[in-house]
Amino acid sequence: MSNYNPGKIEKKWQRKWQETNANKVNLSAKKKYYCLDMFPYPSGEGLHVGHWSGYVMSDVWSRYKKIQGYEVLHPMGFDAFGLPAENAAIEKGVHPKENTKESIANFKRQLEEMGSMYDWSLAVNSSDPSYYKWTQWIFLQLYKKGLAYRKEAPANWGPSCKTVLANEQVVEGKCHRCDSEVTKKNLKQWFFKITDYADELVDDLEKLDWPERVKTMQRNWIGRSEGTLVEFKGQSSKVKVDVFTTRADTLFGCTYLVLAPEHPLVKKLTTTDHKKEVDNYCKKAIKESEIERTSLEKEKTGVFIGSYVVNPVNNQKIPIWVADYVMSTYGTGAVMAVPAHDQRDFEFAKKFKLPIIETVVPKGKSKGKSGLKEAFVGYGELVGSGEFSNLDSKNAIKKITQWLNKKKLGKETINYKLHDWLISRQRYWGTPIPIVHCKKCGEVPVPEKDLPVELPELDDFKPTGDGRSPLAKVENFVKVKCPKCGGKAERETDTMDTFVDSSWYFLRYPDVDNKKEIFEKQKVDHWLPVDQYVGGIEHAILHLMYARFITKALGDMKLLDFHEPFLNLFTQGMVYYKGAKMSKSKRNVVSPDEFVRKYGTDSVRAYELFMGPAEQDKEWADRGIVGMHRFLQKVYALIEKNTDSKVKNSDKKLETLKHKTLKKVAEDFEDFQFNTALSALMEYSNALGKKDKIGRDLLEILVILLAPITPHLSEELWEMLGHREFVFKAPWPKFDPKLIQEEIITLAIQVNGKLRGTVEVNKDVSEKEAIKLAKENQNVKKFLKGKEVKKEIFVKGRLVSFVV
RNA sequence: GCCGAAGUGGCGGAAUUGGUAGACGCGCUGGUCUCAAAAACCAGUGAGGUUCAUCCCUCAUGCCGGUUCAACUCCGGCCUUCGGCACCA
């Protein structure tokens, strides 16, 4: 029975670390490393084992860097402002301020129990005026540069959350927070001009050591697409419809134009005799939800609006239609329809009996006579396209675009799916937008010296749903003097999206107490970009794109010397329980607390890593942790039994294993493969457990290698072995490549590729000798008997293979 | 529909990058200890066959085929699951 008492040991070392300020970061250190966690929004339920999994990984990684002699900045903070925090408070029926305070205390307790090496003196809280003052300051800098602006636009309105949402926060037509269906609402809204950085955001992905999956998601989201902008003009009037296409080569096959129902030209171009029909159609289409409208099964609908334009390449008169299969938010909200070469246009043309003209045919084929059964969407060779006939598609795109450009009827264009970031929210619990609206002066930014614009304390903070935030009701907040003219004015009452708060927090940690400026440039340039960022895949687009944008914008303002915030990103897998993502509504949330109480935090830490590959999703198993606890008990007992060991190891086999383990663990750590590192340590400790007298060096290595994973246990064992310093001051042991190779190795013997025996040989055995020995094996003899050996294969250190 | 990842024992998962498949752990079975149980410890544990037994043989990494002395690993073709995007012009 082991005397391992994790409860006692863990408290003891946590206290010692605190008393000695062991986690205090020396911010002016030269050999430094910045390992960052995605800071959580504090909710009442506390952290579950899924959150822990990421925090454990980053803590293990930070400790690993620390034991290698780096000064590690590994800070933690709280994303305490915003919708999620407020919703949680409303649900509980308490004020967000109270709820946030309690939740933070609880989170902090849990993280301290975890034994994490956070330097709490650097913690940030995004709902604290000392923090959001600078969020507002960033807003003003963006405003100055024209990167923050206000405009009226149809926005995503979440009827349940009673606020507008950014495009990134709408998933399949639903709010990403509460899953309720999103509608459109015309409101005056604040935007950040992230589209200015679209190209940079795509191009700079190349420089980042991020999971390919995340990069792809960002690329798709930004959706850069190179094509041609084509102008279609009316015959007589000043009518002009712009269209974006990636297939200028099919322009001769364009037989009609389609506008989105929301397109501003619909009203203007609809002729009186079509007005009623068009109005009805548009009204219905606009009312339809995104989900209904984008359903692929739906049959195409649309109406002719009575007007015509001219196809610029062949002067054909073509009709304008309005149809809901064209999205107002992509491109120009209008498309040139080429039924022969676009499946959607094809279906539409069939239904409404519009002409289908083939202008591209597969290479080497001529035009089909019987007509098309479906659109040919591939590249090919042009036919019936005037001077461009016989060109291949790619060439034709270039040539036709050039031709249009010359005639001033079109040009090369890059289109993006990305839209500007809608940052205003009609909610209480967020950073107030530092703008004053004056009748005389218009929009006036709050002078920097007047920051922060403090969020007033409000009892009735619930969202009203009238399109304005609850702050609109607070007279002494709203009514102000205009900073410019001193006249009567009103404050902006919307607050900022939570993602604004979290788009820059990592910049604040190195200079968290600065009251004069957002940060000292020198300090931030010293520590950033972040060396290793660890977090969940759910932020692949949202936070990770916003943070990159803000960093780029601040970089362009010369406030930073870098343009990418996070060089390395590791996205840990999610932890499932009972086959599903942990969620309160599914009642399958596993809290680490009870396991920490029962088995100790070191067991939980180690088990979180042992569950499976760090980047993969995994299933939590209550029983699994028992195995980890047994292992730690064995390690404890092993050291306890041998604390007076003075000898150096003399066992050759163990010496080899020692170096093999050193190599394996170091390599696995580098690759975030903590699960196999632990397996290797188990094998190593199992091997030691079989011996009576164990060399001291073997034991010390076990303790050190375990230290990043089980810091409390390692400190205790390190002390038991007679050391006075923390184990993290010990040097990380290095392996000797010469000692990894075993003296005696086992060769496999195969006959026709099948294993028929093994033979023990010296590692340097010659091919001749190995084959001779292999042939002597009884079982192998059986298979070679009476047969001619056609081929003998020898792979050094591996096997001998006979072909008969 | 497009893009990406993954399919290995009862379970979580290993496999030196083409070289002894199933490491490590969970679970299970048997044993030791105990009045008993738990805990702990020891042994066994892919399926099937053969043997008194050690041995040994056959099959086996989603499915079908290929390359190779040798394939979880490489190539071609499918199937399934998960994730992302999606009337994107």
Side-chain angles (χ1 to χ4, degrees), chain A residues 1-2 171-172 211-221 223-225 227-228 243-247 250 254 258 260 293-298 300 323-327 329-338 341-345 347-348 377 415-417 537 540-541 574 606-607 610-613 615-628 630-631 633-634 637 660 663-664 667 673 675-686 740 746-758 778-779 782 789-793 795-804:
Chain A
M1 183 61 195
S2 162
V171 179
E172 288 175 358
E212 215 36 60
R213 180 157 74 124
V214 177
K215 292 203 220 177
T216 308
M217 281 162 79
Q218 291 215 354
R219 258 184 230 117
N220 288 345
W221 185 260
R224 175 158 72 187
S225 144
T228 312
V243 154
F244 174 76
T245 180
T246 53
R247 295 298 301 272
T250 64
C254 169
V258 193
R293 201 169 139 181
T294 56
S295 157
L296 287 164
E297 283 93 66
K298 207 179 88 169
K300 296 272 176 294
D324 67 359
Y325 79 90
V326 174
M327 301 290 122
T329 49
Y330 185 76
T332 62
V335 304
M336 59 176 227
V338 185
H341 305 297
D342 182 288
Q343 191 54 29
R344 295 155 294 175
D345 300 341
E347 285 163 25
F348 192 82
V377 297
N415 191 60
Y416 303 91
K417 221 188 73 167
I537 187 81
I541 299 173
M574 263 186 282
Y607 178 62
F610 191 64
M611 273 193 287
E615 70 284 357
Q616 247 174 55
D617 292 347
K618 42 214 158 232
E619 172 86 17
W620 176 267
D622 290 358
R623 283 302 301 177
I625 199 167
V626 177
M628 192 49 69
R630 281 184 199 145
F631 167 61
Q633 274 182 327
K634 276 190 237 171
K660 272 190 161 172
K663 180 169 189 273
K664 173 83 177 143
E667 284 173 356
Q673 287 170 3
N675 56 330
T676 45
L678 268 163
S679 304
L681 287 167
M682 284 172 174
E683 281 178 76
Y684 178 65
S685 120
N686 287 346
I740 284 186
T746 310
L747 286 185
I749 314 169
Q750 296 183 345
V751 180
N752 283 344
K754 286 210 164 118
L755 182 74
R756 295 305 178 192
T758 57
Q778 284 305 316
N779 199 44
K782 236 165 56 190
V789 177
K790 288 180 202 149
K791 209 168 163 188
E792 290 169 346
I793 296 152
V795 181
K796 198 176 177 224
R798 291 257 173 266
L799 54 64
V800 175
S801 181
F802 298 111
V803 188
V804 295

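In what follows, every chain begins at residue 1, and chains take the letters A, B, ... in the order their sequences are listed.
Closest to the side chain of A:Ser225, out of B:G13, B:A89, B:U58, is B:A89. Taking only side-chain atoms of A:Asn686, from C-beta outward, the nucleotide of B:G25, B:C88, B:C26 with the closest atom is B:G25. Of the listed nucleotides (B:A14, B:A89, B:A40), B:A14 has the atom at the smallest distance from the side chain of A:Thr676. Side-chain proximity of A:Asn675 to the nucleotides B:A89, B:C69, B:A14 is greatest for B:A14. Considering only side-chain atoms of A:Arg798, the nucleotide from B:C69, B:U20, B:U16 that sits closest is B:U16. Distances from the side chain of A:Val795 to the nucleotides B:G13, B:A89, B:G19 place B:G19 closest. Distance from the side chain of A:Arg630 is smallest to B:C26 among B:A89, B:A15, B:C26. The A:Val326 side chain lies nearest to B:A89 when the options are B:A89, B:C69, B:C88. When distances run from any side-chain atom of A:Met327 to the nucleotides B:A14, B:C87, B:C24, the shortest one goes to B:C87.
A 3.5 Å limit on both hydrogen-bonding distances identifies B:A6 as the Watson-Crick or G-U partner of B:U80. Pair assignment for B:A23 gives none, since no Watson-Crick or G-U wobble pairing has each distance under 3.5 Å. The partner of B:G1 is B:C85, judged by Watson-Crick or G-U wobble contacts that both fall below 3.5 Å. Pairing partner, B:U73: none, since no Watson-Crick or wobble contact has both distances short of 3.5 Å.
Rounded to the nearest Å, the gap between the P atom of B:A14 and that of B:G7 is 9 Å. A gap of 25 Å separates the C1' atoms of B:C87 and B:C82, to the nearest Å. B:C35 and B:G48 have their C1' atoms separated by 43 Å, with the value rounded to a whole Å. Spacing of P atoms, B:G46 relative to B:G10, comes out at 11 Å, to the nearest Å. Comparing the same atom, P, in B:G44 and in B:A23 gives a spacing of 12 Å after rounding to whole Å.
Under 4.0 angstrom from either OP1 or OP2 of B:G12 there lies no side-chain N or O belonging to A:Lys618. Note on A:Lys754: a side-chain N or O is less than 4.0 Å away from OP1 or OP2 of B:C59. For A:Arg213, no side-chain nitrogen or oxygen approaches OP1 or OP2 of B:A6 to under 4.0 Å.
Its glycosidic angle being within 90° of 0, B:G9 falls on the syn side.
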